[in-house]
Number of protein chains: 2
Amino acid sequence: MRTLVAGAAPGSPAPSERELVHRFGVARMTVRQAMDALVVEGLLERIPGRGTFVARPRRMTSRLSSYTEEMTRRGLLAESQTLLARREQAGPGVARALSVSEGDAVIHWRRLRRADGHAMCIEDAYLNEILIPGFLQSGMPTSLYDALDARGLRPTWAEDSINADVAAAEEGEHLEIPAGAPVLRHSRRAFAGDKVVEVSRSVYRADRYTMWLQVGAED
Amino acid sequence: MRTLVAGAAPGSPAPSERELVHRFGVARMTVRQAMDALVVEGLLERIPGRGTFVARPRRMTSRLSSYTEEMTRRGLLAESQTLLARREQAGPGVARALSVSEGDAVIHWRRLRRADGHAMCIEDAYLNEILIPGFLQSGMPTSLYDALDARGLRPTWAEDSINADVAAAEEGEHLEIPAGAPVLRHSRRAFAGDKVVEVSRSVYRADRYTMWLQVGAED
DNA sequence: CAGTGGTCTAGACCACAGT
DNA sequence: CTGTGGTCTAGACCACTGG
C-alpha cells in the first residue's frame, strides 16, 4: 500500500479512492482508513474536490542530533578529545537529573570538542551505568548517540536549558579563551522513551558557536 | 463531543463506542471517527479489549510561546514597555528575514520587557505590514502573538538562533547592567503556515534568564 | 457536468480483556 | 462468557472542484 507513495514526487496525484476500490476489490471505507494512516504520517495530503496528492515532506520538528551530526551539517569536521572517562558515584544533582539514586554508579565522560581543528566546547556527559554495562571497557566510541543507538537507546527527545555566562579559568584554558570571555552553556536531559539516557552540560565558545533550532511544527 | 473529555481525569474510562451509538443514535463508524480525532489529538487512548480512556497529557513537542506566556508559566508577571513603534522601510537583513523586498514597509516594534518588575530583555520585532494592515493605528496590543492570532496569523513554528554575547552600552542602560555583562541573544523567524509573520531579535540578561525548551517528540 | 474527498448508515466478524 | 476496540462491507448523500 505504501508502494503507492514510495518514490512519487511531491504534488503528484495518488490514485483516487474509488479507483483503489475497484483495483483491490475492497470497500471505500477500507481504502480511506489505509490512506488516513498515510495522511497522519504526512505522506499524503487530501484536497477536497480535487484529489489526494503526495505531500511535500513536512518540515520536521527539530530532531535530536549529536555534536558530530550538528557539525557535519555545518560542513565542519567534528573531533573529540577525551579529557576524562571514568566510573563515579552520582552526586545529588546528577542523580536527580539521571533519575537514579545518589551514590549509584554513573559514567562521567568529559570531552573537548573541536570543529575544523578549533576548540569549540567542553562537554560533560553523565550516563546511567545500569543502562549501558561495559561501556567504558568496550572502547569509547566516537559518537555517543551512535553508541546508544547500537543498544537501542538512541534518545528521541530532550529537555534542554541554555544560558549565557562567562568562562571560568580552567574552561578558558581548554577553550583557548581568557577567563571571563562569553560562553554559551547548554544542559540536556536526553530521553529514549521515558528513560533518561544522558545528562550533559556543555560550554561553548560564544564567538564560534550559535545554536540553531526549529521549534514547533508546521501546520 | 469534546465535553466527554473536558474535565475528566487521565486514565478514567470514556463511554464505550456502542454506548455512544445508542446515546446519540448514530452509527458506530461515526462514533469511531469522532473519537479518532480525539485520539490523534492525544486526548483519548484506546486499549483493545478494555476500552477507551482519557489519555495522560502527552509530552508536548516544544510549542511556540510568547514572552508573556513564557513568563506566566514561570509564575512571573510579564510587563512590556514600548520603546519604539513605527513604520520603517526594510533594510537588507530584515527584508531577507521577512521574505519581503528591500524598502518595503515593515513595522518595527522595540520593547523593554520586565518580569516581576525587573528588566529582563529588549526585543526588536519586525512585522510585514502587508499582513497586518492598520496594526500601528489599532493601538498596540499587550501580546503580539494574541494580536496575530486574532488575524489568523498565530505562528506555529519558528527558526531560532541563540548565542551568548556581552551587552552593548545602550543595551546595558535599559537592562540595568554594565556594558560588557553577559547576555543571551535570541533571534527568531516565526511562521504561520509558510508565511513569515515575525522576525525578532531579543537580548536577555544572562543573570536572570535561562531558556528552557523541549526538543524532539516522545515516542 | 462528472469526479473528488467528507461524511454517514446498519450491519458484520475478529482478537482480546476481564470475570 | 460478555464487552471491548479493530476492521470491514456495500451502499448513500453532500460540498466542492474543474472542465
Side-chain angles (χ1 to χ4, degrees), chain A residues 1-60 156 193-194 217-219, chain B residues 1-60 149 151-154 156-157 192-195 217-219:
Chain A
M1 185 43 150
R2 313 185 88 78
T3 64
L4 296 172
V5 193
S12 63
S16 82
E17 298 175 354
R18 286 162 178 90
E19 183 189 334
L20 291 173
V21 166
H22 288 114
R23 196 194 297 186
F24 294 111
V26 296
R28 187 153 83 102
M29 285 301 296
T30 309
V31 169
R32 281 185 63 76
Q33 282 182 20
M35 299 183 88
D36 276 342
L38 301 180
V39 168
V40 301
E41 274 187 62
L43 298 174
L44 288 180
E45 186 180 6
R46 295 186 201 278
I47 303 182
R50 303 230 301 116
T52 305
F53 302 87
V54 177
R56 72 165 156 60
R58 273 193 297 198
R59 235 173 228 89
M60 274 179 301
T156 55
D194 51 6
E218 197 172 10
D219 297 3
Chain B
M1 184 44 152
R2 313 185 88 78
T3 62
L4 296 172
V5 192
S12 63
S16 81
E17 296 174 357
R18 286 162 178 90
E19 182 188 335
L20 292 173
V21 166
H22 288 115
R23 196 194 298 184
F24 294 110
V26 295
R28 188 154 82 103
M29 286 300 297
T30 309
V31 169
R32 281 186 61 77
Q33 282 180 23
M35 299 183 88
D36 275 341
L38 302 180
V39 168
V40 301
E41 272 187 63
L43 297 174
L44 288 180
E45 185 181 5
R46 296 186 200 278
I47 303 182
R50 303 232 299 118
T52 305
F53 303 87
V54 177
R56 71 161 158 65
R58 271 193 301 195
R59 232 173 230 93
M60 275 181 299
D149 200 9
R151 291 168 168 81
L153 290 172
R154 215 224 194 251
T156 56
W157 65 281
D194 51 5
K195 282 194 289 285
E218 196 173 14
D219 297 3

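Protein chains get the first letters and strands the later ones, always in sequence-line order, with residue 1 at the start of each.
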(message) Within this structure, what is the OG1-CD distance for the pair B:T52 and B:E19, rounded to the nearest 0.5 Å?
(response) 11.0 Å
(request) With side chain to side chain contact (heavy atoms under 4.5 Å, CB included) as the test, would you mind laying out the steps for A:F24 and A:V31 before giving the verdict? (result) CA-CA 9 Å; A:F24 294 111; A:V31 169; 5.8 Å; no
(message) Could you tell me the Watson-Crick or G-U partner of D:dC13, where both distances fall under 3.5 Å? Say none if there is no partner.
(response) C:dG6
(message) Can you confirm whether B:D36 sits close enough to B:R46 that some side-chain heavy atom of one is under 4.5 Å from a side-chain heavy atom of the other?
(response) yes
(message) Go nucleotide by nucleotide along DNA chain D from the 5' end; which of A:P48 and A:V26 gets its closest nucleotide reached first?
(response) A:V26
(message) Could you identify the nucleotide paired to D:dC1, looking across every strand shown and requiring Watson-Crick or G-U wobble geometry with both distances under 3.5 Å?
(response) C:dG18
(message) Can you work out whether A:G49 or A:R32 has the more 5'-proximal nearest nucleotide on DNA chain C?
(response) A:G49
(message) Output the rounded distance in Å from CZ (A:R50) to C1' (C:dG5).
(response) 12 Å
(request) Mind calculating the distance between CD1 (A:I47) and P (C:dG5) to the nearest angstrom? (result) 10 Å
(message) To check you understand the geometry: which heavy-atom pair defines the closest contact between B:G42 and B:A55, and what is its length?
(response) O-CB, 3.4 Å
(message) Quick check: closest heavy atoms across B:L44 and B:M35, and the distance to 0.1 Å?
(response) CD1-CE, 4.0 Å
(request) Round to the nearest Å and state the distance from A:Q33 atom CD to C:dG5 atom C1'. (result) 15 Å
(request) Using the heavy-atom set of chain B and a strict 4.0 Å cut-off, write down the first and last nucleotide of DNA chain D that makes it in, 5' to 3'. (result) D:dG3 to D:dC8
(message) Within this structure, what is the CG-NE2 distance for the pair B:L20 and B:H22, rounded to the nearest 0.5 Å?
(response) 11.0 Å
(request) Calculate the interatomic distance between A:L20 atom CG and C:dG3 atom C1'; express it in whole Å. (result) 14 Å
